Amino acid sequence: MKNIILLLSLFIYLASSAQKEIEIPLKQGKNGIYILLSNKGFSDKNPMYGKYTKVVIKRAIDDNKFKEIGNMTAALSANEFEEIIAKDALLSIAKLKKLQSKEEAWKYVQSHNDLKDYDILALDINLGVALGAYFLDKDISSIKQGSLIKYKIILSNDKEQQELSASTSKEETADLQKPFLLNKFESDSLIKIQWATLYPKSKEAIYGNVFAKMGNPAEFKFIQRVFANKDENSDTVRYTLMHVVKPETQFQYYIRPATIAIHEGPASDTIIATSVNFTTLEQATNLSAKDTSNGIYLSWNLSHPSKATKSVIIERTADMNKPFITLAILPTTVSNYTDTKTQASFTYYYRIRIVTISNAVLPPSSHIAAKHNPSNRSPLAPKSVTTQISNNTVIVTWSKVLDADIAGYFVSRNNGIDSIFEPISLLIKDTTFVDTSKLYGRNNYTYAVCTFTNNNMSSDWTYSASIRMNNNVLPLAPEGIRSYAQPGINILNWNDLKMKDAYISYYNIYRKNGNLNANNLTTSKDLIKEGFQLIATSSSNSFSDENIKDNILHYAITATDIFGNESNIGFIQTMNCIMPYIATPEQFSVRKTSKGIVIDWDITQQEGAKSYEIYKRNISENNPLKLTVVDIAKGSFLDSDVKKETVYFYSIIAKGQYGISDRSAEKFVKY
């Protein structure tokens, strides 16, 4: 708020000094150079400084050859007002002034031309342009950096005129420092973050734009503009964010300092903050321990798990005079754990700690001691489990466990697709097993062996390295191919074969234009002979072809697995493409100059666009007539065939390879 007061004070000074020869302030921004002429908007009903009814701006570059670049005027309509500032600028004014609609806000603007009437919104420098208090020189992109730019501002009425001056050297960016984190406060419903920069490097900063995102892979979005407040005690500029949020939510933030002319400085580092009061989080309670045949079974209660807690850490020590070590890190949805790494007759001490979503580890919440009974000892697991292929069978071998109580061994095998293991043997006394099952040649199989005792106790499983049979099998051909056409884009999708075959790695997209000469195309080699080209590979079951230059295109899709085998073709999809259309030129505006009326628009980047047609009519004519045709590389036209005190209406269309655009809305100006 202090910066707003200082800014408005500058405007008051300018207004009171208008009768003298003064240097008008200039601000360079990403949109051009702003001339800060007054604190009040200029129009025919509101003369500049109370007496001047016309303001003409002239400019010279590195010399004194001044040329007129425009007349200063306020926005003539609500649409033009929002074109200068932003799409919802009138809604912001309605909210600030507690008005009911954009129409009421526009009436307020027409009767209030003083920037002081707009409080915090006066920080938007484009508000001054829309009111007619500032002038924006947009046409500086071609001026070399370091050039001296001079301005003459000529104010006049029927009886007198006054000339003001201003000058600056063109610069690309403002001198702004990267903000650093000063402090952070987290609570259940409020996140407060304060950034700072050193004052000498940030004296041009007026505010900071704060961006935030929640979760991954969400994108950062602008959420708030905060003031840049100078702390005279520490000679820093501070930015303070107060963000009201839902409890137990994690955000990432960064800030960019900005000048009044909308120059943005470097972004700060990303800050992670969580809306949680960590001192009130639920602790693990009722920790208990029970000795079992597999080890010591621990259980506990976490009666009200919070979204702010991420995991539970189980720690153990065999000597209370030595540090605890971590046994396991479990999600908070788990409330038990079996410690299988125990020795008989040892007393173990356990404790539980909670980890928050900000990775802070809370103090231990429960302790307990337990001893493992030797009568419950499980046998040792087999070692050195190996597999080899022999005559379309798999031979599994392992080392013998030297224990008198061993009854034998069991063998299990996974299905080659996921980690599910199923038993494939009865109790085996020997240390060899021959698997004669018919195995699929595209799957990797893993075998597991466990030891079994005479008192029905089993060991852990020991796993072999994966093994695959030598018979290659092609992956399935893609099916269910669907296609959609948009202007300039063909979209294909198909059933995802990865649901049926986990080893499919990616899909191949082939394309051909023109006619098909052959009907029975089966393999990718057939496609190449027919003239198809491999245009892309995709890890997903969809593809957007944006390189459309032909009316009819043929597509074929195959699948490739992780072993490099390529499937056959499902079928060929033929598409009639939709060519892109020509859109209406954007940012269309008209303005009067001493030489005539200048029509401006944004140069289009559309593929196939070739020219613009400009249409014109006066207020007595119902239908516009074509005024001229302009090359597609140009963004303006001067109409010198105009008469004073006459209102002219202009519109524009774009023409090109793909047709003609809609006619733009008409813009009018009185000459």
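Since this is a predicted model, take the numbers as computed values, not measurements.
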Mark yes or no for whether Glu186, through its side chain, and Ala273, through its backbone, hold a donor-acceptor pair below 3.5 Å.
no

4.5 Å side-chain heavy-atom contact, Asp545 and Leu492:
no

Would one find more than 12 heavy atoms of other residues, nucleotides or ligands at under 6.0 Å from atom CD of Glu80?
yes

Chi angles and distances behind the side-chain contact (heavy atoms from CB on, under 4.5 Å) call for Leu439, Val394
CA-CA 9 Å; Leu439 302 179; Val394 178; 3.8 Å; yes

Do Val226 and Gln224 have side-chain heavy atoms sitting under 4.5 Å apart?
yes

Hey, what do you get for CD1 (Ile660) to OG (Ser611), rounding to the nearest 0.5 Å?
9.0 Å

Once you measure the plane-to-plane angle for Phe251 and His243, does it fall in the parallel (<30°), tilted (30-60°) or perpendicular (>60°) bin?
perpendicular

Side chains of Ser664 and Ser651 in contact at under 4.5 Å (non-hydrogen atoms):
yes

Considering all heavy atoms of both residues, which atom of Phe410 and which atom of Trp461 are nearest to each other, and what is their separation?
O-CZ3, 3.6 Å

Is it the case that more than 12 heavy atoms not belonging to Asp602 sit under 6.0 Å from its CG atom?
yes

For a 4.5 angstrom cut-off between non-hydrogen side-chain atoms, does Leu527 reach Ile569?
yes

Taking every heavy atom of Leu516 against every heavy atom of Ile572, the minimum-distance pair comes out as CD1-CG2, 4.2 Å

Kindly indicate whether the side chain of Thr259, heavy atoms from C-beta on, has any atom under 4.5 Å from the side chain of Tyr207.
no

Between Asp561 (side chain only) and Gly564 (backbone N and O only), is there a donor and an acceptor less than 3.5 Å apart?
yes

Leu426, Thr432, Ile428 screened by side chain to side chain contact (heavy atoms under 4.5 Å, CB included) with Val411, the one that passes:
Ile428

Would you say the side-chain atoms of Asn414 pair up with the backbone N or O of Thr446, donor to acceptor, closer than 3.5 Å?
yes

Distance check, rounded to the nearest 0.5 Å: Ile504 atom CD1 versus Lys498 atom NZ?
8.0 Å

Main chain of Asn513, side chain of His554: is a donor-acceptor contact present, judged purely on distance under 3.5 Å?
no

Verify whether the ring centers belonging to Phe452 and Tyr409 lie closer than 6.0 Å.
no

Look at the side chain of Thr249 and the backbone N and O of Pro247, then say whether any donor-acceptor pair between them is shorter than 3.5 Å.
yes

Is the side chain of Ser268 donor-acceptor paired with the backbone N or O of Phe180 at a distance under 3.5 Å, no angle test?
no

Less than 3.5 Å apart, any donor N or O on the side chain of Asn391 or Thr393 sitting next to an acceptor on the other?
no

Side chain proximity check, Val312 to Val334, heavy atoms < 4.5 angstrom:
no

Quick one: are the ring centres of Tyr612 and Trp601 less than 6.0 Å apart?
yes

What I want to check is whether the side chains of Arg256 and Asn209 have a donor and an acceptor closer together than 3.5 Å.
no

Any idea which heavy atoms bring Asn31 and Leu136 closest together, and the distance?
O-CD1, 4.0 Å

Salt bridge present between Arg413 and Glu422 (N-O < 4.0 angstrom):
no

Might you point out which heavy atoms bring Ala381 and Asp460 nearest each other, and give the distance in Å?
CB-O, 3.4 Å

OH on Tyr650 to CD on Glu666, rounded to 0.5 Å:
11.5 Å

Look up atom CG in Leu380 and atom OG in Ser399, then write down how far apart they are to the nearest 0.5 Å.
12.0 Å

Report the distance from atom CD1 of Ile467 to atom CD1 of Ile389, rounding to the nearest 0.5 Å.
4.0 Å

With a sphere of 6.0 Å drawn around CG of Asn336, does it hold more than 12 non-hydrogen atoms of other residues, nucleotides or ligands?
yes

Have Glu566 and Thr560 got a donor and an acceptor in their side chains that come within less than 3.5 Å?
no

Between Tyr463 and Phe421 (judged by ring centroids, cut-off 6.0 Å), do the two rings come close enough to count as a pair?
yes

State, with a plain yes or no, whether a side-chain heavy atom of Ile557 is found less than 4.5 Å away from one of Asn508.
no

Tell me, do Val590 and Asp600 make a side-chain contact under 4.5 Å, heavy atoms counted?
no

Between Asn444 and Ser466, what is the shortest heavy-atom contact and its length?
CB-CB, 4.0 Å

Would you check if the side chain of Lys310 reaches a backbone N or O of Ile354 as a donor-acceptor pair within less than 3.5 Å?
no

When you look at Tyr447 and Asp435, which way does the side-chain hydrogen bond (donor to acceptor under 3.5 Å, both in side chains) test go after all the steps?
CA-CA 10 Å; Tyr447 293 82; Asp435 185 7; 2.7 Å; yes

Lys610 and Lys655: CA distance, side-chain angles, deciding distance, side-chain contact (heavy atoms from CB on, under 4.5 Å) verdict:
CA-CA 6 Å; Lys610 293 183 177 181; Lys655 298 184 66 175; 5.9 Å; no

Lys525 and Glu530 ion-paired at < 4.0 Å:
no

Given side-chain contact (heavy atoms from CB on, under 4.5 Å), test Ile193 with Leu181 step by step and report yes or no.
CA-CA 8 Å; Ile193 301 177; Leu181 178 65; 3.7 Å; yes

N/O donor-acceptor pair under 3.5 Å between Ser538 side chain and Ser540 backbone:
yes

Does NZ or CZ of Arg663 lie under 6.0 Å from the centre of the six-membered ring of Tyr615, at an angle within 45° of the ring axis?
yes

Check the surroundings of atom CG in Asn515: do more than 12 heavy atoms from other residues, nucleotides or ligands lie under 6.0 Å from it?
no

Pair Asn495, Asn541 - check side-chain contact (heavy atoms from CB on, under 4.5 Å), show working.
CA-CA 7 Å; Asn495 297 342; Asn541 60 324; over 6 Å; no

Are more than 12 heavy atoms, taken from residues, nucleotides or ligands other than Leu427, located less than 6.0 Å from that residue's CG atom?
yes

Exam field: side chain Asp526 to backbone Thr523, donor-acceptor pair closer than 3.5 Å:
yes

Between Lys102 and Glu82, is there a side-chain N and carboxylate O pair less than 4.0 Å apart?
yes

Going by ring-ring contact (aromatic ring centres under 6.0 Å, His included), Tyr507 matches just one of Tyr555, Trp494, Phe543. Which one?
Trp494

Could you tell me if Asn568 and Thr558 have a donor-acceptor pair between their side chains, going purely by distance under 3.5 Å?
no

Just by modelled atom types, is the Thr451 backbone N or O under 3.5 Å from a matching donor or acceptor in the Ser459 side chain?
yes

Nearest heavy atoms of Ile329 and Thr326, plus distance in Å
CG1-CG2, 4.1 Å

What is the distance from atom CG of Leu521 to atom CZ of Phe571, rounded to the nearest 0.5 Å?
13.5 Å

